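Below: one structure, written as structure tokens.
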Protein chains: 2
Amino acid sequence: MSDPANPRPTLAGVAARAGVSASTASLVFSGAGPVAEATRTRVLEAAAALGYAGPDPTARSLRRGRTGVIGVVTEDRLGDAFRDPINLALLDGLGEELADEGFGLLVLPWAPDSGVDLSAVPMDAAILLGCSADLAHSVEVLQRRRLPLVAIEAPPLAGVVAIDLDNADATRRGAELLRELGHRRVALVTLPLDLGRTRAPLTPAREQEATAFTAMERIRGARAVFPDAGGVSAGGSTVAEGYLAGRALLDVPPADRPTAIVAQSDLLAAGVIRAAEELGIAVPAELSVLGFDGVRLDGITPYALTTLVQPAVEKGRAAGRAVREALAGRTPVPVSFASELRAGTTAAPPPTF
Amino acid sequence: MSDPANPRPTLAGVAARAGVSASTASLVFSGAGPVAEATRTRVLEAAAALGYAGPDPTARSLRRGRTGVIGVVTEDRLGDAFRDPINLALLDGLGEELADEGFGLLVLPWAPDSGVDLSAVPMDAAILLGCSADLAHSVEVLQRRRLPLVAIEAPPLAGVVAIDLDNADATRRGAELLRELGHRRVALVTLPLDLGRTRAPLTPAREQEATAFTAMERIRGARAVFPDAGGVSAGGSTVAEGYLAGRALLDVPPADRPTAIVAQSDLLAAGVIRAAEELGIAVPAELSVLGFDGVRLDGITPYALTTLVQPAVEKGRAAGRAVREALAGRTPVPVSFASELRAGTTAAPPPTF
DNA sequence: ATCCCGGATCGAATCGATTCGATCGAATCG
DNA sequence: CGATTCGATCGAATCGATTCGATCCGGGAT
């Protein structure tokens, strides 16, 4: 890589060879300021001759105080973060507003003990994606660095621009639909409650200690309608986890079985449905299933899921825009998005006894 | 953001306040070199008092010549790149070797006219992911920057470490299975042939101009067994695209219909199967379908796909390792992976007339 | 002929750290 | 007791650009 005989050319070298000062050469590459056509050509020729690839991004970043990199902090493993289509939609939105504008997106799978040290990552701003309360410490570090911070569905944090979703209210409306249909025994399948991602029945103690904001908000919404609803927490937002949760809730004597399940993501809902099918429980005749997200399940389940459709791409765009606003020195306004209940074919009145 | 009355603290400021030189303060944060316990404490206290978040990553990068960022260049839109589970598996592998080691992954959705200027992105190395020949120019830019380059399944490029897959040979083995089963009329559903992602029948002209390496290699492998095989190119690796391709190939008079379809990804295969189901064509009795990748389809299709399983996570790990080798000053060895034919339930002898 | 203006260029300061070699005092060794 | 060594600290150079203010020069206005 590093060849002593042939060091990497620098702006200074190019300038020397072109017979101009470094400042003038800089102007040629940055485009700022007037440069005579002849000079410009001479500099570019010198650059070509030396194999100069343009100003060093790192040096430029230091001087300009901008790296062009936006961090996206998630609490999942790298691949898992994008395994749920809802996050892909969000990424699409971010891409439109940031990647297309020349910003690079730096994915930072954060964990309490992971190798990533958020204080040492070169970036201009950070987007916190589905982050739990555990991240609070890291938020402080980032704030000390004076980085603009945008959080997507996080507990309110001072100085962090919030991009929110009506998680509680939307779930409440979904639950109300179920109640109006006549359901009384409803169970929840929640997203992971904390970084441990424990797959286990909900208990007051576990809910007390939960750190995942979105999961708790959605639980809150469901309880507004069904105060006593129990359920289980899944180990992630996947069909497989939904299936496991479904088995746990449905493989019981029919009298104990819920007549409806409120799942906190469409993938979980799809897994629940699969569990029901396997146990010979008809959906929606014997079991209603409510999802969340409104992603295209694209054949993962033959049903049209009754679900709460959230504007995920919009959410991503809003986050991207907020970042750009902040970088432009303006104060971004927090945005709240609303989900819409989409009546599918997986909710119906409970079976009559 | 920038508060004139309260400028962001620097190492120099901390050092001054602690009554030591900047060099000593630097040692405290970098851990290199011996520092007396009392001094260390004093510096850390000063840092805390000033709200210093640690050495500025940009300045550190300039001085050290390392940013800790690895670019991952794809030719897809941000979200699309990760919509195919095969890439997620790859990401998992990359994550293990890079993210877990403290490197950040910078996703760069490259397109000829996109905002991303690869010459201006701060990074230590780049991984080229499923890149077509169109990227050649950008590769030059990156090489001028003397960045270590690792390409996953790309045409051989001088100075670029290749992580390869037996695309042609694997497809050939899959095709041979079909021939042994008795198939003679076989059609292909390929990945996009170029950046245009045109959805259209394969023609010699289009294949001539194709720039997508993997797609062409797999076509080559199929043609080794079925020299006259025609087919269509899809607009992406998705179930929806596979469905469209399937309709195009299958919605014809039975006599013209292929008895087997070689799809270049599992998602495409799943789409083909869906099209077949919809047209009342039984799989595998009336139509055999071969996939590629061996990803968990998790209920996207009820069949166990007959497919070529590629070690995707391993591929990612190898690429990550290659990057680390290169950054350590060693010369990474190119790696070639082999796919394995997995007999599923979607390939059978052709219908007898 | 004088004055002024603006385009082109340059010098020097700066961004915020890291690191090499030098210095200095105290402890160890023969 | 002098020489040596080691640990702790510091000064200065460096990484590679950007940018502000100053300078120089030719041409149009007066």
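Every heavy atom of this structure was used, including side-chain atoms; hydrogens, water molecules and symmetry mates were not. None of the values given here were measured: they were computed from a predicted structure. Numbered from 1 within each chain, the chains take letters A, B, ... in sequence-line order.
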(request) Can you tell me the distance, in whole Å, between the CG atom of Leu11(A) and the P atom of dC15(C)? (result) 19 Å
(request) Scan every strand shown for a Watson-Crick or G-U wobble partner of dG2(D), both distances under 3.5 Å, and answer none if you come up empty. (result) dC29(C)
(message) Could you check whether Ser138(B) and Trp110(B), counting side-chain N and O atoms only, form a donor-acceptor pair closer than 3.5 Å?
(response) yes
(message) Both Ala25(B) and Arg63(A) contact DNA chain D. Taking the nearest nucleotide for each, which residue is further toward the 5' end?
(response) Ala25(B)
(request) Select base, sugar-phosphate, or nothing to describe what Ser26(B) touches, counting heavy atoms under 4.0 Å on all strands. (result) base
(message) Whether Arg17(A) and Glu45(A) form a salt bridge (side-chain N of Lys/Arg under 4.0 Å from carboxylate O of Asp/Glu) is what I want to check.
(response) no
(message) Tell me whether Arg317(B) is salt-bridged to Glu97(B), with the criterion being a basic N under 4.0 Å from an acidic carboxylate O.
(response) no
(request) Using whole Å, report how far CZ of Arg66(A) lies from C1' of dT19(D). (result) 16 Å
(request) Strictly below 4.0 Å, heavy-atom distances to any atom of DNA chain C: list the hits from residues 31-49 of chain A, or just say none. (result) Pro34(A), Val35(A), Ala36(A), Thr39(A)
(message) Keeping Asp194(A) on the side-chain end and Arg197(A) on the backbone end, is there a donor-acceptor pair under 3.5 Å?
(response) yes
(request) Hey, which sits more toward the 5' end of DNA chain C by its nearest nucleotide, Thr58(B) or Ser21(A)? (result) Ser21(A)
(request) Can you tell me the distance, in whole Å, between the CZ atom of Arg64(A) and the C1' atom of dC15(C)? (result) 13 Å
Run the side-chain donor-acceptor check on residues 25-37 of chain B: report pairs under 3.5 Å with partners two or more places apart or on a different chain.
unit_1	atom_1	unit_2	atom_2	d
Ser30(B)	OG	Ser26(B)	O	3.2
Ser30(B)	OG	Ala32(B)	N	3.3

(message) Please give me the minimum heavy-atom distance between Pro332(A) and Arg330(A), naming the atom from each residue.
(response) CD-O, 3.4 Å
(message) Can a donor-acceptor pair be found, under 3.5 Å and without considering hydrogens, that links the side chain of Arg66(A) to the backbone of Leu327(A)?
(response) yes
(message) Assess whether a salt bridge exists between Arg83(B) and Asp92(A), defined as any Lys/Arg side-chain N lying under 4.0 Å from an Asp/Glu carboxylate O.
(response) yes
(request) Can you check each nucleotide of nucleotides 20-26 of chain D against protein heavy atoms at under 4.0 Å and return B for base, S for sugar-phosphate only, - for none, in 5' to 3' order? (result) -------
(request) Could you tell me the separation between the CZ atom of Phe29(A) and the P atom of dA17(D), rounded to a whole number of Å? (result) 9 Å
(message) Rounded to whole Å, how long is the line connecting atom CZ of Arg60(B) with atom C1' of dT14(D)?
(response) 17 Å
(message) Between C1' on dA17(D) and CZ on Arg8(A), what's the gap in Å once rounded to a whole number?
(response) 12 Å
(message) If I take atom CG in residue Leu62(B) and atom P in nucleotide dT14(D), what distance separates them, rounded to the nearest angstrom?
(response) 14 Å
(request) Could you pull out the closest heavy-atom pair between Ala322(B) and Val161(B), with the gap in Å? (result) CB-CG1, 4.2 Å
(request) Go through dA17(C), dG16(D), dT19(D) for me and flag the one nearest to the Tyr52(B) side chain. (result) dA17(C)
